[in-house]
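Written below as structure tokens is the structure these notes are about.
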Amino acid sequence: MTQPLPPQYNPSSIESELYQWWTERRLFSPDSHAPGSGEPYVIMMPPPNVTAVLHMGHGLNNTVQDVLIRFERMRGRRALWVPGTDHAGIATQNVVERLLAEEGLTRFDLGRDAFVDRVWEHVRETGPAILEQLKAIGCSADWSRTYFTLDEGLSRAVREVFVRLYEQGLIYRGHYIINWCPRCLTALSNEEVEKDEVAGHLWHLRYPLADGSGHLTVATTRPETMLGDTAVAVHPADERYRHLIGRDIRLPLVERLIPIVADEAVDPSFGSGAVKVTPAHDPADFEIGRRHSLPGIDIMTPEARISLAAPERFQGLDRYEARRRVVAEFDTAGLLERTEEHRHAVGHCYRCGTVVEPRLSDQWFVRMEPLARPALAAYREGTLRFVPERRGDDYEAWLEGIRDWCISRQLWWGHRIPVWYCEAAGCGQVSVSRTDLDTCPGCGGPVRQDEDVLDTWFSSWLVPFSSLGWPDRTRDLATFYPGHTLVSAPEILFFWVARMIMSGLHFMGQVPYRDIYLHGTVRDTQHRKMSKSLGNGIDPLEVVERYGADALRYSLISGMSVGTDVILDPNDLEASFASGRNFANKLWNAGRFILSNLNGPTRPLAGSHPHVVRREELTLADRWIIARCDATVTEATEAYQRLRLNEAAGAIYHFIWSDLADWYIEQVKPRLYGDLPGGDVARAVLARTFDVSLRLLHPTMPFITEALWRRLPGRSDTASISVAPWPAPDTRAHDDQALEEFGLVQELVSAIRAVRAEYGVQPGQPVRAVVSGDNRVTVGALEQERSTILRLAKLSAFSFGESRERAGGHAVLSEGTAVFVPLGDAIDVGRECGRLGTEVDRLVRLVESQEKKLGNEQFVSRAPSDVVERERQKLVTWKEQCEVLVKKRELLGCV
RNA sequence: GGGCGAAUAGCUCAGCUGGUUCAGAGCGCCUGCCUUACACGCAGGAUGUCGGGGGUUCGAAUCCCUCUUCGCCCACCA
């Protein structure tokens, strides 16, 4: 403990050891500290995919959560951060399928059971490595409560929810057009389809009338689907086509007769006003087909190749191949009227990027409107708070237009749908069951379980209660539901965040959290989202290794603000993370200095101790730093509470670096070094303000603050800053007078330094300074810190009054007094005249505009009197400053 | 096509309900300094028609309208 600290902070030698110490002491569990006391505070971690590797997005997301959970933990709440991983149906299945592909195998070679075993094996082998990586960045989640969405417990919750929703009529099976990924070979929900604008074409095709009396032109972006056309639709009121309604078209290439029908859904102003209708491959056409009892012809295989339902020469062709072929044949037949360039939105699979094919199939759906209604009401009643607020608009709009949720997936990895179909002839019973069935509950005959699994989000939308033991009524559930803050990337607002609110309201009767913090995206300097495929990512662990977890965290937090993205440079880690590293090192060295000076007896600053520091023992500088420290406590606390993490970090940074290190430590040195009186007071103030600094900073930079805090005198070996009480604002520390008076000292020192720099006075060479003016407050303040001023401005002498000397540098302080630094021959009089002239000009302009303002009858009569008074004061000060400088110029003999 | 948001120093952004943070911070840049906590540092310095135009007001970076440019979300004009 008394070992000297190295002059450079070395995070890697400290972090893992500290993390281990924290977990050994179970500091991250709400069960182990202050049980029963303090209101719970709960955050549900967005569960990363079980196969995921930590990227910057995780880094940002989890750092934000950790800052909040550590803040509330120190504030005395029973803070619980629940971690977990998601089985991530499609993503994980794809990973293992790729591994199999390396062996030249497909999942079909293994068969369902063996494949699922293989996935489990992979998941167990690689383990949720990402959770270990989260520890490396300091995340203080309660690892004893870690869940996996395919755990027995969560699976039970999934089944319970499925059965209940089914019994409530909110889950149904239906034959509809869904989004189909021909690569993943599964249905997708609407949310899992990413719409991207692409440059495509609009082909205008001629469809001849069956009787040979002419043709109708239809326009399409997907000509290959014409192979499945079963009608052409026109608007019933469209005069151009009215006479054709009910007549037949001879569908080219297929030579099928299809009717011309009238339907309101057709927009007569688009294209030719006639639409080809493909009920099996387009949602709008599906509806039209329904209304007119049209057959749907599925002309595609699951892989999006042309099926046996199309003419033989097209069979087996890839959809794009078929597209070219169809267009070519229309062209050859003289039926291609024209081809237009056409930009339109095309859906892509969010997992593999393949263009999604609308496809008619049997799937399971959740009826969402009844679930959405309460979720919408909760928002409108103000039960939910979005940060940034405008995200609430997205939430509201999504719920208002909500569509049913397709929850079945044609995958093998996931929660199997708990539905059994009776295979006994003539029974046909469909059983939805909490437990596995072997026989039909109706007839006792053999049953077959539904082949499909559930959407991975069907388990994660339950975690706010399923991870706490639901459907059992556990103690955890009673204590920690509902939670408080949900921190997420905006991308999963609809996938996860909004659905959790719906399930929470439906099954628990309360929203799972009130605050929803949607942070920005991590991007590179060209504002592109960091991604594996672009190769513009930054590995957080590399940053931890090179700069430390605290530096990573600080750089992320300080670089973000509510509603904006975080920009990092993947090609220059130094540019992105040096600020955090430098700050850590600065703090380390301030700590080194302070700790090495805290030997010997210490005295408390407050309390009933017999040797408590009395107020009158404090110097102006002491009072100033105590007041600044207190203001920082208030500022940082409020900022953390308002989720303005960068503001909190900024306030603490400024206090530690500028106030404490640059000014107070410099001021206090002689009192510590020499045997000057007041050394013990200085030590008490240093110890106190440094302690507070560390605690304020701990949520953002947990490792270094712990390392330093433990070394403060009087700490027991078991005390951890992570559960130390959060600093409270102290009204006794308020001291506006000290803030103002020490502010003058700072201003004077800076002014003299500026003069020195301006005239290139050698750093070692002392100069004198004369402060004019007879303001007693000013004189009193500066007199109190005379030795500080002498030392920090490197003065040989410092006096009040008027100097007769001509040559020197001049400056005015904000309250109107002037400082003169005689420099004799060292200065160039002409240069100083110029400098003063510029300053005078600036003041003259200010004075003029101010006089104009105050001369304005309207302003004086309409503006509030205190504003007018303030403006008058400004004018007076500027005039004084101006006069002082003009006098100086005269003295110098400036022209 | 509908909805929402943003535009302030070279870069990333503060600037909340008009007037004491009013033109700011950090980084970068320029000039001196290896001053016994720290060169990952210290001290000093330069930099802006607050996107364009109009309006409201005694007063606008801040409120309103409009244009321009960039984002985000949603959407079955085939």
Side-chain angles (χ1 to χ4, degrees), chain A residues 5 7-9 177 190 195 202 218-222 225 233 265-267 269-278 282-288 342 344-345 358 388-398 400-401 490-491 493-494 521 525 527 547 551 558-561 563-569 574-576 578-597 642 644 646-647 650 653-654 661-662 665-666 669 673 749-750 753-758 760-764 792 794 853 856-864 866-868 870-871 873-874:
Chain A
L5 303 175
Q8 269 198 3
Y9 174 54
I177 295 268
N190 298 319
K195 292 289 182 69
L202 193 57
V218 298
T220 180
T221 54
R222 294 185 295 150
T225 62
V266 178
D267 176 2
S269 64
F270 186 87
S272 64
V275 188
K276 60 189 276 309
V277 181
T278 323
D282 184 281
D285 292 5
F286 176 75
E287 294 302 325
I288 295 175
H342 185 65
H344 60 140
E389 249 176 82
R390 68 189 148 80
R391 291 291 181 185
D393 294 342
D394 294 343
Y395 172 85
E396 192 176 20
W398 183 74
E400 281 172 342
E491 294 96 88
L493 174 59
F494 306 137
T521 306
T525 47
H527 293 210
Y547 300 96
S558 67
M560 63 179 281
S561 69
T564 63
D565 294 332
V566 176
I567 312 292
L568 298 172
D569 189 346
E574 189 73 13
S576 304
S579 64
R581 189 262 325 262
N582 294 353
F583 182 39
N585 196 57
K586 184 71 185 181
L587 180 67
W588 182 255
N589 277 286
R592 241 161 42 96
F593 175 83
I594 291 168
L595 291 170
S596 67
N597 282 289
R642 292 170 54 226
R644 312 287 279 234
N646 62 323
E647 289 179 22
Y653 177 96
H654 182 267
D662 288 348
I665 287 181
E666 292 309 322
K669 277 176 178 173
Y673 292 156
V749 170
S750 296
R753 283 171 175 169
V755 168
R756 295 181 65 109
E758 176 78 16
V761 178
Q762 289 303 307
L792 298 186
K794 293 181 178 146
K853 192 181 210 174
N856 184 338
E857 192 66 34
Q858 301 276 19
F859 173 69
V860 179
S861 58
R862 297 211 188 187
D866 59 317
V867 171
V868 176
R870 254 197 324 260
E871 297 300 312
Q873 271 312 317
K874 274 196 215 165

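Worth knowing before you read on, the calculation uses all heavy atoms, side chains too, and leaves out hydrogens, waters and symmetry mates.
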Counting any heavy atom closer than 4.0 Å, what does A:Asp393 reach on the DNA or RNA strands: base, sugar-phosphate only, or nothing?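 Result for A:Asp393 = sugar-phosphate.
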Any base atoms under 4.0 Å from A:Ile177, or only sugar-phosphate, or nothing? Heavy atoms, all strands. nothing
So for A:Lys586 and B:rC40, does any side-chain atom that can act as donor or acceptor lie under 3.5 Å from a complementary atom in the base? no
Answer yes or no: side-chain N or O of A:Glu666 and base N or O of B:rA43 forming a donor-acceptor pair under 3.5 Å.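 There is none.
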For [N] versus [M], give the span between their [atom1] atoms, rounded off to a whole number of Å.
{"N": "B:rG5", "M": "B:rC64", "atom1": "P", "answer": "10 Å"}
{"N": "B:rG48", "M": "B:rA25", "atom1": "C1'", "answer": "14 Å"}
{"N": "B:rA60", "M": "B:rA14", "atom1": "P", "answer": "24 Å"}
{"N": "B:rC16", "M": "B:rC63", "atom1": "C1'", "answer": "14 Å"}
{"N": "B:rU47", "M": "B:rG10", "atom1": "C1'", "answer": "9 Å"}

Using heavy atoms to find the nearest nucleotide of RNA chain B for A:Gly559 and A:Gly401 separately, return the residue whose nucleotide is more 5′. A:Gly559
When A:Ala578 and A:Gln858 are each assigned the nearest nucleotide of RNA chain B, the 5'-most assignment goes to A:Ala578
Any side-chain N or O of [X] less than 4.0 Å from the OP1 or OP2 oxygen of [N]?
{"X": "A:Ser750", "N": "B:rG44", "answer": "yes"}
{"X": "A:Lys669", "N": "B:rU36", "answer": "no"}
{"X": "A:His342", "N": "B:rA78", "answer": "yes"}

CG of A:Asp267 versus C1' of B:rC77: gap in Å, rounded?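 My rounded result for the distance is 6 Å.
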Watson-Crick/G-U partner (both atom distances under 3.5 Å) of B:rG48: none
